[in-house]
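Heads up: the structure comes next, in structure tokens.
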Amino acid sequence: MSGINEFIDNEVKSSDVVLFMKGTPGFPQCGFSGQVVQILDYLGVEYKGINVLTSDELRQGIKDYSNWPTIPQLYVKGEFVGGCDIIREMFQASELQAFLNEKGVAAKGAA
Amino acid sequence: MSIQSTIESKLTDAFSPERLAVINESHLHAGHQEHFDGTGETHFRVRIVADAFAKMNRVERHRAVNELLAEELKDSVHALAIEPAAPGEPTRW
């Protein structure tokens with residue numbers, strides 16, 4: 001495994017919820033990343049935000065790691081859940097809350 | 001051929017969709033980055049209803065579209081929002 005792959009692998013396995021995004025949770029630099037931040041914050045989920053704009057290697061590396069061409073990307077317990085569209089759809093269908101609880105992650109407003 | 005037409009024809013060929021809308025949303029992102037003036041073909045939304053999605057979960061549906069449009073995503077398209085559905089599923093359009 002290359003260095004960046006190992007770094008990503010380690011990140012997604014060492015925190016329950018990891019969001020790869022453009023910008024930071026406090027200052028998202030892309031509307032799509034911002035939407036996922038809003039949803040996670042609304043649900044009171046504890047997560048680690050990783051800013052892919054800090055490194056070209058990371059920005060490309062996460063796309064290769066997940067075989068997913070766009071940012072943001074949400075991981076729960078090491079598993080890729082989806083990007084902005086999927087997270088929003090799941091949230092609107094109240095599936096995200098149920099999914100997080102199923103995974104043992106605390107979230108408000110569970111169905 | 002515009003990128004929009006390319007996306008439309010690739011999706012039509014691959015999925016024979018019941019309903020399809022490819023919307024250029026680039027103008028909504030004008031000014032978000034230095035080189036987005038809103039006149040280009042950088043941001044798209046794909047709304048698609050097709051039988052092929054019936055047996056796929058959410059991630060698989062998005063992957064199927066992303067993979068089909070990998071070339072466009074690599075070169076010029078900066079963002080692709082996807083709203084896939086199987087026939088009979090609720091859509092918002």
Side-chain angles (χ1 to χ4, degrees), chain A residues 12 17-23 27-39 51-54 56 59-100 102-103, chain B residues 3 6-7 10-11 21-36 38 41-50 53 56-86 88-93:
Chain A
V12 302
V17 183
V18 182
L19 177 64
F20 291 87
M21 63 178 292
K22 292 182 178 171
F27 188 59
Q29 288 181 259
C30 156
F32 301 104
S33 291
Q35 286 182 38
V36 179
V37 163
Q38 278 189 340
I39 290 170
N51 183 1
V52 303
L53 297 178
T54 57
D56 282 344
R59 188 173 176 173
Q60 184 55 46
I62 187 61
K63 295 177 183 178
D64 296 338
Y65 180 84
S66 52
N67 184 28
W68 193 264
T70 49
I71 312 290
Q73 298 185 11
L74 185 72
Y75 281 80
V76 174
K77 298 263 168 134
E79 179 193 332
F80 174 66
V81 183
C84 176
D85 293 323
I86 290 182
I87 301 306
R88 205 187 46 240
E89 267 179 46
M90 288 176 75
F91 172 67
Q92 285 166 346
S94 297
E95 281 174 38
L96 186 61
Q97 301 87 315
F99 172 79
L100 289 166
E102 212 172 274
K103 294 278 174 185
Chain B
I3 295 171
T6 306
I7 293 176
K10 280 190 172 182
L11 289 167
V22 177
I23 303 156
N24 183 347
E25 296 189 333
S26 304
H27 62 283
L28 300 176
H29 301 267
H32 287 184
Q33 278 181 35
E34 215 174 324
H35 57 284
F36 294 159
E41 295 191 287
T42 50
H43 295 69
F44 284 96
R45 175 172 301 274
V46 166
R47 292 172 159 164
I48 181 166
V49 178
F53 296 129
M56 301 184 196
N57 66 28
R58 283 204 173 87
V59 169
E60 287 165 348
R61 291 173 180 192
H62 281 250
R63 276 199 211 284
V65 174
N66 282 331
E67 274 161 24
L68 185 71
L69 304 177
E71 220 169 290
E72 286 70 29
L73 278 164
K74 182 162 63 80
D75 293 336
S76 45
V77 175
H78 172 84
L80 181 68
I82 309 170
E83 300 178 29
E89 289 178 358
T91 58
R92 299 190 299 152
W93 52 292

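Proteins get letters first, then strands, A, B, ... in listed order; numbering begins at 1 in each.
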Heavy-atom pairs under 4.5 Å with chain B, option from A:I71, A:T70, A:I86 with the top count
A:I86
Minimum heavy-atom distance A:F80-B:V59, with the two atoms named
CE2-CG1, 4.2 Å
Can you find a heavy atom in the side chain of B:E72 that is under 4.5 Å from one in the side chain of A:P69?
no
Does any backbone or side-chain atom of A:Q92 lie under 4.5 Å from a heavy atom of chain B? Answer side chain, backbone, both or neither.
side chain
Atom NZ of B:K74 and atom NZ of A:K63: how far apart are they, to the nearest 0.5 Å?
12.0 Å
Do any N or O atoms from the side chain of B:R63 and from the backbone of A:N67 form a donor-acceptor pair under 3.5 angstrom?
yes
CD/B:E71: more than 12 non-hydrogen atoms of other groups inside 6.0 Å
no
Using heavy-atom distances under 4.5 Å, tell me whether B:L80 contacts chain A through its side chain, its backbone, both, or neither.
backbone
For B:I82, which atoms come within 4.5 Å of any heavy atom of chain A: side chain, backbone, both, or neither?
both
For A:D56, does the CG atom have more than 12 heavy-atom neighbours from other residues, nucleotides or ligands under 6.0 Å away?
no
Step by step, would you call B:R61 with A:E89 a salt bridge (charged side-chain N to carboxylate O under 4.0 Å, His left out)?
CA-CA 13 Å; B:R61 291 173 180 192; A:E89 267 179 46; over 6 Å; no
Quick one: list whatever passes side-chain hydrogen bond (donor to acceptor under 3.5 Å, both in side chains) with B:S26, sequence neighbours left out.
B:N24, B:T42
All side-chain hydrogen bond (donor to acceptor under 3.5 Å, both in side chains) counterparts of B:N57, not counting sequence neighbours
none
More than 12 heavy atoms of other residues, nucleotides or ligands under 6.0 Å from CD of A:Q38: yes or no?
no
